[in-house]
Enquirer: 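Have a look at the structure that comes next, please.
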Amino acid sequence: MKKILVPIKMVLDANMRPRVKADGTGIDLSGMKLSINPFCEIAVEEAVRLKEKGLAEQVVAISIGPAKAQDSLRQALAMGADSARLIETDGPIEPLAVAKLIRMVVDEEKPELVILGKQAVDDDCNQTGQMLAALLDWPQATFASALRVEGTVVHVTREVDGGHQTLSLPLPAVVTTDLRLNEPRHCSLPNIMKARKKALDVTPVAACGVDTVPRLKVLGVKPPEPRKAGRRVADVSELVGDLRAAGAI
Amino acid sequence: MTLLLLADHDGHTLSDATARAVSAARDMGGALHLLVAGENVEPVAKAAADLSDVDKVLMADDPALAHMLAEPVAELLVGLSADYTAVIAPATSIGKDILPRVAARCDVMQVSDITRVIAQDTFERPIYAGNAIETVQSTDRLKVVTIRSSAFDAAPPGNASAPIARVSLPAGAWKARFESEELTKSERPELTSARIVISGGRGLGSAQAFQTVLAPLAECLHAAIGASRAAVDAGYAPNDLQVGQTGKIVAPELYIAIGISGAIQHLAGMKDAKVIVAINKDADAPIFQVADFGLVGDLFTLVPELVHALG
Ligand SMILES: Cc1cc2nc3c(=O)[nH]c(=O)nc-3n(C[C@H](O)[C@H](O)[C@H](O)COP(=O)(O)OP(=O)(O)OC[C@H]3O[C@@H](n4cnc5c(N)ncnc54)[C@H](O)[C@@H]3O)c2cc1C
Ligand SMILES: Cc1cc2nc3c(=O)[nH]c(=O)nc-3n(C[C@H](O)[C@H](O)[C@H](O)COP(=O)(O)OP(=O)(O)OC[C@H]3O[C@@H](n4cnc5c(N)ncnc54)[C@H](O)[C@@H]3O)c2cc1C
């Protein structure tokens with residue numbers, strides 16, 4: 001195939017503990033480490049592996065987000081993507097609008113395969129790939145744990161509630177990644193240097209002609225109810241006594 | 001106001017997640033119709049009709065619906081959606097796969113994985129692995145919502161059966177094809193609906209230890225077995241047992257975490273359990289911060305002792 005498109009999102013690093021803003025309007029990201037969403041990193045890795053196997057000629061990464069999301073795109077380039085595009089927006093943008101913007105890019109770039117993360121670990125929506133597939137009227141395989149391209153067909157094994165399921169999709173198609181699809185590579189310094197020279201095209205969202213007005217109103221964000229502190233038990237018999245007293249067993 | 005709920009099932013039995021989603025639908029108010037899609041699903045439709053608060057069951061029986069693949073089921077739901085104010089589904093692997101496809105086709109923004117209904121159009125949902133709870137209001141005409149089952153109780157059987165009406169799948173050329181499936185067989189209770197869950201982590205050290213150390217405890221407590229991502233990645237347990245932000249979300253009466261450190265992504269899947277027990281040899285493991293009862297020590301001696309004490 002000629003081209004794979006990989007949409008990536010920059011999110012709060014998975015190792016950071018999110019803090020709710022005191023005014024209850026969202027999460028305080030100031031001074032926090034932002035990284036490429038882990039599922040998107042897996043998507044980039046899979047696309048690059050397909051290219052390395054000679055099954056794809058070109059990998060294009062795209063992100064919709066603030067100027068800083070260029071850092072995540074540079075990481076994708078260092079992993080082996082050939083070029084990158086940022087659709088720049090500072091405002092909040094929902095999966096439906098993201099899917100519409102990606103569809104616009106699909107119309108321009110004409111990839112045969114789009115690989116996305118199954119969910120972004122900040123908003124945990126788990127929607128964008130499915131929405132994109134619907135808008136394009138392409139087949140979809142979500143939660144992929146294995147992927148094999150054979151001519152113009154992609155065979156995808158999916159992680160489902162009861163175990164695994166394998167589907168075959170004629171290209172063009174949309175795939176979303178689960179955790180066990182691959183282990184993303186670490187970027188070497190020479191590759192990071194090389195990535196600086198690769199093309200990264202920036203388009204302001206206003207130039208896209210896509211309706212991005214949010215449909216959901218966030219009325220508030222609060223921390224979860226804290227659990228009341230527990231205690232240590234000295235041994236198994238104390239534990240069994242406590243569990244019986246609590247009616248748990 | 002009428003809501004349409006996509007029933008989750010495995011072709012034979014209606015899942016517990018469906019009964020829980022019915023409770024969420026009842027909180028949203030209005031009449032409730034359940035859609036049972038599949039092949040030879042009459043028994044499932046009958047079970048759906050027996051749930052309380054269900055006013056009508058729509059049954060779509062078609063070989064093309066056999067594996068509930070996204071394209072045909074979404075098409076069916078899009079066709080039906082004009083008559084409804086909301087299309088909802090439990091956030092199972094089926095619901096998560098299909099509903100966003102319906103939402104995009106209807107030009108609606110989905111509200112994912114809600115844990116509470118505040119009003120017909122306003123919901124609470126966890127974000128950032130449950131480290132924050134967001135209250136969102138949908139401004140779309142049609143509401144498309146997935147339900148986190150662990151946050152709702154299962155609807156009980158009703159007094160009378162709801163009527164069952166057949167609906168047909170519009171003709172279409174579905175592109176994705178089903179090839180095969182490998183389902184984990186287990187005699188144990190299902191993870192997301194079990195009263196007690198015993199989970200093992202990397203501390204177990206092997207797939208064998210899941211069998212020799214964890215299984216006897218699960219047996220004597222009639223518990224389901226779960227696992228951390230590290231345990232699944234290492235091949236100690238199958239993928240469908242993973243508990244956490246990116247695995248299954250559970251809220252049992254009792255959760256026993258064994259050899260699990262308590263990373264936030266794991267806590268996201270179990271911190272709403274009523275009682276949490278942690279067994280870990282590291283007294284500083286973060287799991288102890290959420291545990292009601294913490295036992296510090298070697299799991300290879302403590303777990304057999306526990307089995308013995310319960311025996
Ligand atoms: C600067 C900024 C601030 C925001 N502030 C808020 C806020 O305060 N409150 C709020 O509720 N929402 C806010 N949002 C919106 C929120 O980020 C969206 O809900 C989110 O973009 C989509 O949800 P998700 O990432 O969980 O989607 P999912 O459907 O879980 O994402 C799945 C996959 O889709 C792809 N994808 C998703 N988003 C993008 C993207 N932007 N670019 C490229 N690929 C993508 C990735 O491959 C990802 O792995 C903000 C967004 C931005 C950009
Ligand atoms: C995007 C993303 C998504 C993720 N999603 C999930 C998810 O859904 N679910 C999930 O679980 N994780 C998830 N993770 C991984 C998570 O961050 C942790 O890496 C994982 O939960 C660790 O598993 P663990 O506690 O079994 O292993 P470890 O952190 O290695 O902990 C093992 C524990 O066992 C104890 N131990 C060892 N030997 C013994 C013994 N003999 N007796 C008693 N105790 C012993 C140790 O003291 C230690 O605390 C995700 C990570 C990312 C980045």
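Throughout, a chain's letter reflects where its sequence line sits, starting with A, and its residues are numbered from 1.
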Enquirer: At a heavy-atom separation under 4.5 Å, does B:T192 approach chain A through its side chain, its backbone, both, or neither?
Expert: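 Answer is neither: B:T192 stays 4.5 Å or more from chain A.
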Enquirer: Of the backbone (N, CA, C, O) and the side chain (C-beta and beyond), which part of B:E182 lies under 4.5 Å from a heavy atom of chain A, both, or neither?
Expert: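 Both parts, backbone and side chain.
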Enquirer: Report yes if some heavy atom in the side chain of B:Q245 is under 4.5 Å from a heavy atom in the side chain of A:D124; otherwise report no.
Expert: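 In short, these two side chains touch, coming nearer than 4.5 Å.
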Enquirer: With a 4.5 Å limit on heavy-atom distance, are the side chains of B:R105 and B:E75 in contact?
Expert: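 In short, these two side chains touch, coming nearer than 4.5 Å.
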Enquirer: Side chains of B:H67 and A:Q165: donor-acceptor distance under 3.5 Å anywhere?
Expert: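 No - no donor-acceptor pair under 3.5 Å links their side chains.
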Enquirer: Select one option (side chain, backbone, both, neither) describing which atoms of B:K185 are under 4.5 Å from chain A's heavy atoms.
Expert: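 Neither part.
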Enquirer: Out of A:L132, A:L113, A:V114, which one pairs with A:W138 under the side-chain contact (heavy atoms from CB on, under 4.5 Å) rule?
Expert: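 It is A:V114; the other options fail the test.
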Enquirer: For the residue pair B:Y255 and B:H266, categorise the inter-ring angle as parallel (less than 30°), tilted (30 to 60°) or perpendicular (more than 60°).
Expert: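 If you compare the ring of B:Y255 with that of B:H266, the planes turn out tilted.
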Enquirer: So which part of B:L69 gets closer than 4.5 Å to some heavy atom of chain A, the side chain, the backbone, both or neither?
Expert: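 Contact with chain A: side chain only.
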Enquirer: Less than 4.5 Å to any heavy atom of chain A: does that hold for the side chain of B:I196, its backbone, both, or neither?
Expert: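 Contact with chain A involves the side chain of B:I196 alone.
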Enquirer: Which residues in residues 278-290 of chain B have a heavy atom less than 4.5 Å from any heavy atom of chain A?
Expert: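 When heavy atoms of chain A are the reference, residues 278-290 of chain B contributes B:A283, B:F288, B:V290 within the under-4.5 Å range.
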Enquirer: At a 4.5 Å cut-off on heavy atoms, which part of B:L302 comes close to chain A: side chain, backbone, both, or neither?
Expert: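 Its backbone and side chain both get close to chain A.
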Enquirer: If I measure from the heavy atoms of chain A, does B:A132 come under 4.5 Å with its side chain, its backbone, both, or neither?
Expert: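 For B:A132, heavy atoms of backbone and side chain both lie under 4.5 Å from chain A.
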Enquirer: Pick from A:R19, A:K21, A:R17: which one makes a salt bridge (Lys or Arg N to Asp or Glu O under 4.0 Å) with A:D28?
Expert: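 Output: one option passes, namely A:R19.
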Enquirer: So B:V108 and A:L96, side chain to side chain contact (heavy atoms under 4.5 Å, CB included) or not? Walk me through it.
Expert: CA-CA 7 Å; B:V108 166; A:L96 182 63; 5.8 Å; no
Enquirer: With respect to A:N182, which candidate in A:E46, A:E45, A:R49 satisfies the side chain to side chain donor-acceptor pair (under 3.5 Å) definition?
Expert: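 With A:N182 as partner, A:E46, A:E45, A:R49 yield a single side chain to side chain donor-acceptor pair (under 3.5 Å), made by A:E46.
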